[in-house]
Amino acid sequence: MIKTLSRCIGESKRDSILTPVFAALEVVMEVLIPFVTAAIIDQGIEAGDMNRVVLYGAIMLVLAFLSLFFGVQAGRYAASASTGFACNLRDAMYENIQTFSFSNIDKFSTAGLITRMTTDVTNLQNAYQMLLRIAVRAPLMLLFSMAMCFVINVQLSLIFLAALVFLGIVLFSIACRAMPVFDEVFRRYDDLNASTQENISAIRVVKAFVRENYEDKKFSRAAEQLYRLFVKAESILAFNNPVMMLTVYACIIALSWFGAHNIVAGTLTTGNLTSLFSYVISMMMSLMMLSMIFVMISMSVASARRIAEVLNETADLSEPQQAVQEVADGSIDFNHVSFSYRKGSGEDALRDIDVHIRSGETIGIIGGTGCGKSSFVSLISRLYDVTEGAVLVGGRDVREYDMEVLRNQVSVVLQKNVLFSGTILDNLRWGKEDATLEECRRVCAQACADEFIERMPKQYDTWIEQGGSNVSGGQRQRLCIARALLKKPKVLILDDSTSAVDTATDAKIRKAFAEEIPDTTKLIISQRISSIEHADRILVLEDGRVDGFDTHENLLRTNRIYREIYQAQMQGGGDFDQPA
């Protein structure tokens, strides 16, 4: 874990080295000040020598200014190093997430990834800043102060040594009890973020079904669980300060008692006792800072572990060593393919699929909910790898292709249409970065999106809100189809992506496809017979298996499932906007 995280220090190495250097110099200056104070008292005030008072006073002033300067520099470099480290962590996590396949993403919830990139990274940033400065300053101050105490009086220094051993044992036991609780705390953060994300993204449904109170209660339960865990963790850590103050006051009382006896006996001067008091306060403050570090480490170890999980996650889909760089054509072959989302679970989404599609064909895909339609098309662009068998595109196994090359030639309009904040042109150019306005107009005409774009005041410069919330479902679908067409793919997959458009528009889109991209293989998933009945062939899936693969007319005669769907739709009055 430490090795993984340390790789993200990157360009902050220089600041990470300078911070402890300046912190150490600051400590040296502070440790020398009580020593000079003792000299002022013993050699100046008690001896009545004002020249020595002025000399040692000037030295103290210089030491104080140097301590201030080194402290400011340590703080500045610590802030720079920790923020750079946090920035690199987020960049590294985000970059690694972009390489994940769908199966990798399935391991982490969206809320969990967001928590890792926000709360967890912030915890680690604070801990890193503290480690660079306080974790160097506190131990050095402790060691130097202890060394000066032994120089002044060995017997009295044993008091501090006993206190250190006692505190070390107590702090270690507190940290060991707190760490498992913080592990659970950050898992609960995921639940809280998931509840918030789900509620906001589905706010229209929540309000439509008047479920605000239910959602409030669900969020309150998650917040209450987090509250109780934090109270438990903080209750354990609350022992830090009482134990620390008990030790500090015990040391002061013991030092006062035994120091007074030594002064009376003539084995200790007043100046030395004053220095010892300064050093004991410095040591106790150092111990308090160390206890703060223990608290921060208790919190940050859990966060560090969660971040390392994302950074160490390797993509399930790997690029072949000698990747194929060109897709010959749009032919698709499923050679006895079986697929499971969880390998070894025995729950196959697809079973023994043996289907062969010629380049340029239009294939309709139909079947009940959960029959494997989306799983079938996901394998073509290698969003997942097959469990058994092989999927071929252009005569080559999809695992032999460079994934970027394959996905540029297999364009997918997913079931869930996603638009990003930006103009219509910005969204269209996801399909082709350097697409001209004329190219965008052409594909929008093919997808029948030009009809509503031309009516907008700013047309192609119209701003799309996040998620496409300011356009209708049908408009989102047509923009996504146009975006996919810009790639000029050899295979175009429409995963139920015309469900929100009327039948007339659907027919126009299909006609445009036939005329404009005749050589592109088109796979159309739909629940409407009217959307696929004119396809060259229709694939009927049932429970992850091929139940039929033929033309519309032949399936009506030979396939029970297809005939039942057709009769249900036709006898029920046809599609919603088409007369029976």
Side-chain angles (χ1 to χ4, degrees), residues 330-337 339 349-381 391-393 410-415 477 481 484 489-499 501 503-515 517-572 574-576 578 580:
S331 62
I332 302 168
D333 297 286
F334 277 68
N335 294 333
H336 299 285
V337 167
F339 168 68
L350 298 172
R351 301 181 186 86
D352 194 30
I353 304 293
D354 195 62
V355 169
H356 305 279
I357 300 167
R358 294 181 293 274
S359 181
E361 272 194 295
T362 298
I363 303 296
I365 303 173
I366 198 168
T369 302
C371 68
K373 301 185 296 294
S374 294
S375 301
F376 178 86
V377 296
S378 294
L379 299 178
I380 298 171
S381 56
V391 177
L392 280 64
V393 173
V410 180
S411 202
V412 184
V413 183
L414 295 171
Q415 195 169 13
Q477 287 185 338
I481 292 170
K490 289 188 169 64
V491 177
L492 176 63
I493 298 171
L494 304 178
D495 187 354
D496 208 16
S497 51
T498 57
S499 57
V501 302
T503 310
T505 304
D506 189 10
K508 287 180 184 177
I509 293 172
R510 285 187 279 106
K511 182 181 178 183
F513 285 172
E515 294 174 354
I517 50 171
D519 297 328
T520 298
T521 304
K522 296 165 282 290
L523 279 70
I524 304 170
I525 296 176
S526 181
Q527 300 295 342
R528 294 194 308 210
I529 293 288
S530 62
S531 295
I532 59 173
E533 63 180 338
H534 300 292
D536 296 317
R537 287 185 290 172
I538 298 168
L539 177 65
V540 182
L541 292 174
E542 174 68 12
D543 195 25
R545 297 181 183 275
V546 176
D547 193 77
F549 188 37
D550 211 330
T551 62
H552 168 73
E553 293 76 14
N554 290 340
L555 286 173
L556 280 177
R557 290 196 307 271
T558 61
N559 190 270
R560 177 186 59 82
I561 293 174
Y562 187 78
R563 187 166 55 249
E564 287 177 357
I565 295 172
Y566 178 80
Q567 290 172 350
Q569 291 188 10
M570 293 303 105
Q571 291 173 3
D575 289 332
F576 65 91
Q578 184 184 57

Chemist: Which donor-acceptor pairs under 3.5 Å do the side chains of residues 535-542 make with protein atoms, sequence neighbours left out?
Modeler:
residue : atom : partner : partner atom : Å
D536    : OD2  : T362    : N            : 2.7
R537    : NE   : E361    : OE2          : 3.1
R537    : NH2  : H356    : O            : 2.9
R537    : NH2  : E361    : OE1          : 2.7
R537    : NH2  : E361    : OE2          : 3.4

Chemist: Set out, in order, the CA-CA distance, both residues' side-chain angles and the distance that settles side chain to side chain contact (heavy atoms under 4.5 Å, CB included) for V377 and V412, then state yes or no.
Modeler: CA-CA 9 Å; V377 296; V412 184; 5.6 Å; no

Chemist: Find the distance between NE2 (H534) and CD1 (I524) and round it off to the nearest 0.5 Å.
Modeler: 11.0 Å

Chemist: Can we say R557 and E553 salt-bridge, meaning some charged N sits less than 4.0 Å from an Asp/Glu carboxylate O?
Modeler: no

Chemist: With a 4.0 Å cut-off, would you call K490 and D519 a salt bridge?
Modeler: no

Chemist: To the nearest 0.5 angstrom, please state how far the CD1 atom of I525 sits from the CG atom of L494.
Modeler: 9.0 Å

Chemist: Looking only at heavy atoms, what is the nearest atom pair of L555 and D550, with distance?
Modeler: CD1-O, 3.5 Å

Chemist: Roughly how far, to the nearest 0.5 Å, is the CG atom of D354 from the CZ atom of R545?
Modeler: 13.0 Å

Chemist: Assess whether side chain to side chain contact (heavy atoms under 4.5 Å, CB included) is satisfied between L350 and L379, documenting all intermediate values.
Modeler: CA-CA 10 Å; L350 298 172; L379 299 178; 3.7 Å; yes

Chemist: To check you understand the geometry: which heavy-atom pair defines the closest contact between K373 and I365, and what is its length?
Modeler: CG-CG2, 4.0 Å

Chemist: Mind checking whether D547 and N559 have side chains closer than 4.5 Å, heavy atoms only?
Modeler: yes

Chemist: Kindly compute the distance separating CG (L492) from CG (L523), expressed to the nearest 0.5 Å.
Modeler: 8.5 Å

Chemist: Quick one: pull up CD1 in I493 and CD1 in I363 and give me the separation to the nearest 0.5 Å.
Modeler: 12.0 Å

Chemist: Please check this pair: side chain of T521 against backbone of G360, looking for a donor-acceptor N/O pair closer than 3.5 Å.
Modeler: yes

Chemist: Any sub-3.5 Å donor-acceptor pair from S359's side-chain atoms to G330's backbone N or O?
Modeler: yes

Chemist: V391 vs F339, test: side chain to side chain contact (heavy atoms under 4.5 Å, CB included). Steps then yes/no.
Modeler: CA-CA 11 Å; V391 177; F339 168 68; over 6 Å; no

Chemist: Look up atom CG in D333 and atom CZ in R358, then write down how far apart they are to the nearest 0.5 Å.
Modeler: 11.0 Å

Chemist: Run the side-chain hydrogen bond (donor to acceptor under 3.5 Å, both in side chains) test on Y566 and H552 for me, step by step, so that the C-alpha distance in whole Å, both residues' side-chain angles and the decisive distance to 0.1 Å come before the verdict.
Modeler: CA-CA 10 Å; Y566 178 80; H552 168 73; 4.9 Å; no

Chemist: So does D543 get a backbone contact from the side chain of R351, meaning a donor-acceptor N/O pair under 3.5 Å?
Modeler: yes

Chemist: Between F334 and F376, is the gap from one ring center to the other below 6.0 Å?
Modeler: yes

